[in-house]
Amino acid sequence: MKTSDYLKKYGITLKKSLGQNFLSNEVYAKKIVEISQIKPNDTVLEIGAGAGTLTVALAETGATIYAIEIDERLKPVLEERLLIFPNVHLIFSDFLALDISFLPDGYKCVSNIPYYITAPILKKLIFTHFSALFIMMQKEVGERLLEKAGSSNRGFLTVVLQTVGDIEKLLTVPKSAFVPNPEVDSVVLKITRKTPFPFSDDSELESFWKFVSDSFAQKRKTIYNNLRAFVRDNEVLAMMLEEAIIQPTARPEQLTEEQFLSLWRIWLKLTGGK
């Protein structure tokens, strides 16, 4: 049966409030699994199992799959489609509230995530010991995460993700591959965890996340004026920019992730992060 048939069978209407645009095209589901290079000994996290089209394709690899779904109305659909796959563990929960410490180091994530919570999901994932994330998201959002220094579309999330991982676009998925059809196409990005990882613990990564976020608080202003909002000592601020070799007139989106990392480290050294 098609995805739409399963939804009709159980009388399920999709909710816009949950960003429910389910991948329904099995060809694209298999393509995504193929480019994710899932092996039988892998542990894979899927956020938003939906009606199970991608989950089934993942299950067929023989890998251990943890499929998370917030909408318990989909339980009969998923249980029926996944009945023959003992390697799939269904968890009905809000992913953002779920303790995922059970995932082993080096796990992979293959997911079609809702647009409206892209940033919180990605933030949660980068604080874990993943090996690679294969994330499908709206094309415009995905392309923004690929932007290099100098692009006006570059934001703080782009900088943080490019600092912790190497990002590449693997696939464009047309809107016709979903039920219901979204307004735009989607892309699949691969984010590979950098080795060595630039942060020694979660507190450092949290500090960097906040530092970069605050540095982009007013994108139209210079990096100097953004930093002034939380670096009160003008002498310290001048020293930071001089040591990092950054022009005070530069805008946040003009800085590379390496420059942000350097600037953050100098800020920690001079202020203790306060």
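Scope of the values below: all heavy atoms of this structure, side chains included, with no hydrogens, waters or symmetry mates.
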Worked check of side-chain contact (heavy atoms from CB on, under 4.5 Å) between E46 and I68: CA-CA 6 Å; E46 184 192 10; I68 317 299; over 6 Å; no
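- A donor-acceptor pair under 3.5 Å links the side-chain atoms of N21 to the main chain of P180, judged by distance alone.
- E140 and R144 are joined by a salt bridge, as a carboxylate oxygen and a charged side-chain nitrogen come within less than 4.0 angstrom of each other.
- Put simply, the side chain of L189 reaches to within 4.5 Å of the side chain of L146, judged on heavy atoms.
- The closest side-chain heavy-atom distance from L82 to L90 is below 4.5 Å.
- Because its NZ or CZ atom is both nearer than 6.0 Å to the ring centre of Y28 and within 45° of the ring axis, K31 counts as a cation-pi partner of that residue.
- Remark: E34 CD is loosely packed, at most 12 non-hydrogen atoms of other residues, nucleotides or ligands lying under 6.0 Å away.
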side-chain contact (heavy atoms from CB on, under 4.5 Å) between M136 and S186, intermediate numbers included: CA-CA 6 Å; M136 182 158 55; S186 295; 3.8 Å; yes
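- Of all non-hydrogen atoms in T222 and P248, the two that sit nearest each other are CB-O, 3.3 Å.
- The hydrophobic clustering, which links ILVMFWY residues whose side-chain heavy atoms are closer than 4.5 Å, places F22 and V184 apart.
- Checked against salt bridge (Lys or Arg N to Asp or Glu O under 4.0 Å), K169 has the following partners two or more places apart in sequence or in another chain: E143.
- Between T163 and K194, the shortest heavy-atom contact is O-CD, 3.3 Å.
- Ionic pairing of E243 and K269 is present here: one or more N-O contacts between side-chain nitrogen and carboxylate oxygen are shorter than 4.0 angstrom.
- Judged by distance alone, with hydrogens and angles left aside, the side-chain atoms of E257 form no donor-acceptor pair with the main-chain N or O of V159 at under 3.5 Å.
- A donor-acceptor pair is defined here as one N or O able to donate and one able to accept, closer than 3.5 Å; no such pair exists between the side chain of N87 and the backbone of T64.
- F130 and L125 make their closest contact through CD2-O, 3.5 Å (heavy atoms, listed as atom of the first residue, atom of the second, distance).
- Closest approach of P252 and N226 over heavy atoms only: CG-ND2, 3.7 Å.
- Between L103 and T128, every side-chain heavy-atom pair lies at or beyond the 4.5 Å cut-off.
- Here the side chain of R81 pairs a donor or acceptor atom with the backbone of A51 at under 3.5 angstrom.
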L227/S215 under side-chain contact (heavy atoms from CB on, under 4.5 Å): CA gap, chis, key distance, verdict: CA-CA 6 Å; L227 291 172; S215 298; 3.7 Å; yes
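- The distance from the CG atom of L170 to the CD1 atom of I135 is 11.0 Å, given to the nearest 0.5 Å.
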F260 and I223: CA distance, side-chain angles, deciding distance, side-chain contact (heavy atoms from CB on, under 4.5 Å) verdict: CA-CA 10 Å; F260 263 113; I223 187 64; 4.2 Å; yes
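- Between the T192 side chain and the G165 main chain, no donor and acceptor come within less than 3.5 Å of each other.
- The salt bridge (Lys or Arg N to Asp or Glu O under 4.0 Å) search around E206 returns K123, not counting sequence neighbours.
- Contact of the I70 side chain with the F92 side chain is not registered, since no non-hydrogen atoms from C-beta on lie closer than 4.5 Å.
- Of the possible donor and acceptor atoms, one in the side chain of S131 sits under 3.5 Å from a partner among the backbone N and O of Y107.
- Counting only residues at least two apart or on different chains, the ring-ring contact (aromatic ring centres under 6.0 Å, His included) pairs with a member in residues 47-85 are Y66-H89, Y66-F102.
- The same ILVMFWY cluster, assembled from side-chain heavy atoms under 4.5 Å apart, contains both I121 and Y116.
- Between K108 and D42 there is a salt bridge, since at least one side-chain N of the basic residue sits less than 4.0 Å from a carboxylate O of the acidic one.
- Judged by the 6.0 Å distance and 45° axis criteria, R193 is positioned over the aromatic ring of F197.
- Proximity of a side-chain donor or acceptor of S111 to a complementary backbone N or O of I113 within less than 3.5 Å is not detected.
- Annotation: E242, atom CD; neighbour count of heavy atoms from other residues, nucleotides and ligands within 6.0 Å does not exceed 12.
- Taking each heavy atom of A63 and I38 in turn, the nearest pair found is CB-CG2, 3.6 Å.
- Under the 3.5 Å distance criterion, the side-chain polar atoms of E69 are matched with a main-chain donor or acceptor of A49.
- Considering every non-hydrogen atom in both D185 and P174, the closest pair reads OD1-CA, 3.4 Å.
- No side-chain heavy atom of D214 sits less than 4.5 Å from a side-chain heavy atom of F156.
- Between M239 and L270, some side-chain heavy-atom pair lies under the 4.5 Å cut-off.
- Distance alone, capped at 3.5 Å, places no donor-acceptor pair between the S36 side chain and the F134 backbone.
- With values rounded to the nearest 0.5 angstrom, I246 atom CD1 is found 7.0 Å from I266 atom CD1.
- The local environment of CD in E204 is crowded, with over 12 non-hydrogen atoms from other residues, nucleotides or ligands closer than 6.0 Å.
- To the nearest 0.5 Å, atom CG of residue L241 and atom CD of residue Q247 are 9.0 Å apart.
- The ring-ring contact (aromatic ring centres under 6.0 Å, His included) with F199 is formed by just one residue from the set F208, W209, F211; it is F208.
- At a threshold of 4.5 Å between non-hydrogen side-chain atoms, the residues D166 and I191 do not count as touching.
- To the nearest 0.5 Å, atoms CG (N181) and OG (S176) are separated by 6.5 Å.
- Interatomic distance, K221 NZ to K219 NZ, rounded to the nearest 0.5 Å: 15.5 Å.
- Residues I84 and I65 share a single hydrophobic cluster, defined by chaining ILVMFWY side chains whose heavy atoms lie under 4.5 Å apart.
- No single ILVMFWY cluster, assembled from side-chain heavy atoms under 4.5 Å apart, contains both I245 and M240.
- Residues Q162 and R154 have side chains that bring a donor and an acceptor to within less than 3.5 angstrom of each other.
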Residues E80, K9; criterion salt bridge (charged side-chain N to carboxylate O under 4.0 Å, His left out); working and verdict: CA-CA 11 Å; E80 179 176 342; K9 178 179 177 179; 2.9 Å; yes
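- Side chain of D105 to main chain of H129: no donor-acceptor pair is present (N/O by atom type, distance under 3.5 Å, no hydrogens or angles).
- Of the inter-residue distances, the one linking I47 atom CD1 with K124 atom NZ reads 8.5 Å to the nearest 0.5 angstrom.
- In this structure, the side chains of L23 and I32 come closer than 4.5 Å at one or more pairs of heavy atoms.
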